[in-house]
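Some notes on the structure that comes next.
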Amino acid sequence: MRLSSAVLVAVSVTLASSFISSSPQMWTKLVLTQQWPTTFCSMVHCHQDINYWTLHGLWTDKMNDCNSSWHFNASEIEDLLPDMDKSWPDLLTPVAHKLWQHEWQKHGTCAAKLTSLNSQHKYFSKALELYHTLDLDGTLRKFDIIPSEKYYNFSQIEGVVEKFYGIKPKIQCAQQSKNDAVQILGQIEICLDPEFNLQDCENKLPMENIPEKFWDVNTDSGYRVCDHDIQVYYPPLQ
């Protein structure tokens with residue numbers, strides 16, 4: 001029996017799509033990353049009067065800098081700028097848009113492989129939509145996880161996020177060494193699939209089982225995955 005040319009074409013397209021989606025170069029997860037400005041500014045000496053969680057970026061789990069010729073253009077997101085300035089501020093250079101430029105070039109050009117994110121306006125507006133919908137800052141406050149001079153057990157913070165969103169987040173802290181008595185809450189990642197459904201972020205082995213040189217360090221920020229056994233300082237605005 002001979003297959004019709006139409007069927008053969010359909011099979012070829014299906015196989016090609018399957019290959020592309022399973023390619024190790026194609027990303028499979030989006031990471032909505034939010035940061036606590038007080039911690040960030042204590043590390044890099046910026047001065048921002050912001051007492052709520054802000055966007056750091058909407059990242060892909062694989063691939064960086066996918067199109068160096070696709071430059072950031074603020075005029076394409078002009079209607080978003082008031083919300084961007086408040087929700088996604090550049091803590092280091094607030095008037096230069098350098099953070100947004102970096103996020104688009106490194107992550108947005110890769111996220112753009114998804115049709116729903118294939119323009120600068122789509123990418124930044126979706127990140128803002130997710131930020132407001134998930135409302136991490138409001139969720140933590142609702143369950144009495146607030147900036148304080150007291151220390152939290154890591155399980156308190158992780159438990160609130162896991163219970164409310166139904167997924168395992170990736171929570172990162174500032175910590176100078178493995179033997180520090182306290183770690184400082186700095187960044188929380190919430191992961192989504194390409195259809196924007198929440199999903200678990202990648203689980204890590206216990207810190208004590210990993211040699212220090214292999215600790216999971218975010219090279220953009222210097223944060224490490226928080227140690228479950230060390231108390232957490234969630235610093236208030238000074």
Between H56 and W59, how do the two ring planes meet: parallel, tilted or perpendicular, split at 30° and 60°?
-> perpendicular
message: If hydrophobic clusters are built from ILVMFWY residues whose side chains come within less than 4.5 Å, do F143 and Y233 share one?
response: no
Applying side chain to side chain donor-acceptor pair (under 3.5 Å) to Q34 and not counting sequence neighbours gives none
Heavy-atom closest pair (L32 atom, A127 atom, distance to 0.1 Å) is CD1-O, 3.9 Å
Walk me through it: do Y152 and I146 pass the test side chain to side chain contact (heavy atoms under 4.5 Å, CB included)? CA-CA 10 Å; Y152 292 92; I146 57 175; 3.7 Å; yes
Is the backbone of H71 close enough, under 3.5 Å, to the side chain of Q120 for a donor and an acceptor to pair up by distance?
yes
Exactly one of I188, L91, L55 clears side-chain contact (heavy atoms from CB on, under 4.5 Å) with Q35, and that residue is L91
For L30 and D193 the tightest heavy-atom approach is CD1-O, 4.2 Å
Value for CE (M26) from CG (L114), rounded to nearest 0.5 Å, stands at 6.5 Å
Correct closest heavy-atom pair for W70 and W104 would be O-NE1, 3.0 Å
Heavy-atom closest pair (D227 atom, F154 atom, distance to 0.1 Å) is O-CB, 4.0 Å
#### Entry: same_hphob_cluster(V225, V182) at 4.5 Å side-chain heavy-atom cutoff
no
inquiry  = For the backbone of S155 and the side chain of N153, can you confirm whether one donor and one acceptor N or O come within less than 3.5 Å of each other?
reply    = no
ask   = Any side-chain heavy atom of Y223 sitting closer than 4.5 Å to one from L185?
value = no
To the nearest 0.5 Å, atom CG of L192 lies from atom CG of D61 at 11.5 Å
Applying side chain to side chain donor-acceptor pair (under 3.5 Å) to E129 and not counting sequence neighbours gives K126
Q | Chi angles and distances behind the side chain to side chain contact (heavy atoms under 4.5 Å, CB included) call for H107, V31 | A | CA-CA 10 Å; H107 305 291; V31 183; over 6 Å; no
In short, disulfide bond (SG atoms under 2.5 Å apart) pairs touching residues 55-104 with sequence neighbours left out are C66-C110
Y123 side chain to L58 main-chain N or O, any donor-acceptor pair under 3.5 Å?
yes
request  = Report yes or no: does S87 contribute a side-chain atom to a donor-acceptor pair with the main-chain N or O of M84 at less than 3.5 Å?
outcome  = no
- [ ] Decide yes or no for T39 and P235: does some side-chain heavy atom of the first lie under 4.5 Å from some side-chain heavy atom of the second?
- [x] yes
Between the CZ atom in F72 and the CD1 atom in I77, the distance rounded to the nearest 0.5 Å is 4.0 Å
_N/O donor-acceptor pair under 3.5 Å between Q105 side chain and N67 backbone_ = yes
Q: Determine, using ring centers only, whether Y131 and W88 are less than 6.0 Å apart.
A: no
Checking side-chain polar atoms at under 3.5 Å, does T139 have a donor or acceptor matched by the opposite partner on Y165? yes
T133 (side chain) donor-acceptor with L130 (main chain) under 3.5 angstrom:
no
### Query
With the 4.5 Å side-chain cut-off for hydrophobic clustering, are L80 and V95 part of the same group?
no
To the nearest 0.5 Å, atom CG of L92 lies from atom NZ of K98 at 9.5 Å
Less than 4.5 Å apart, side chain to side chain, heavy atoms only: is that true for Q156 and V232?
no
Exercise for the section: For the pair V161 and L140, evaluate side chain to side chain contact (heavy atoms under 4.5 Å, CB included) and give the outcome as yes or no after the intermediate values. Expected result: CA-CA 8 Å; V161 179; L140 292 174; 4.2 Å; yes
Practice item. Measure the shortest side-chain to side-chain distance between P236 and E149 over non-hydrogen atoms and say whether it is less than 4.5 angstrom. Key: yes
request  = Indicate yes or no for a side-chain donor-acceptor contact from Y151 to the backbone of Q183 under 3.5 Å, with no hydrogens or angles considered.
outcome  = no
Scanning both residues in full, the closest heavy-atom pair of P89 with I50 reads CG-CD1, 3.8 Å
Output for pair (Q187 CD, R224 CZ), nearest 0.5 Å, gives 14.0 Å
Under a 4.5 Å side-chain heavy-atom rule over Ile, Leu, Val, Met, Phe, Trp and Tyr, are L99 and M43 clustered together? yes
* Geometric cation-pi criterion, K86 with Y52: 6.0 Å, 45° -> yes
- Identify whether W53 and I184 are in the same connected component of the hydrophobic contact network (ILVMFWY, side-chain heavy atoms under 4.5 Å). no
OG1 of T109 to CG of D65, rounded to nearest 0.5 Å, is 6.0 Å
In short, L117 meets A111 closest at the heavy-atom pair CB-O, 3.5 Å
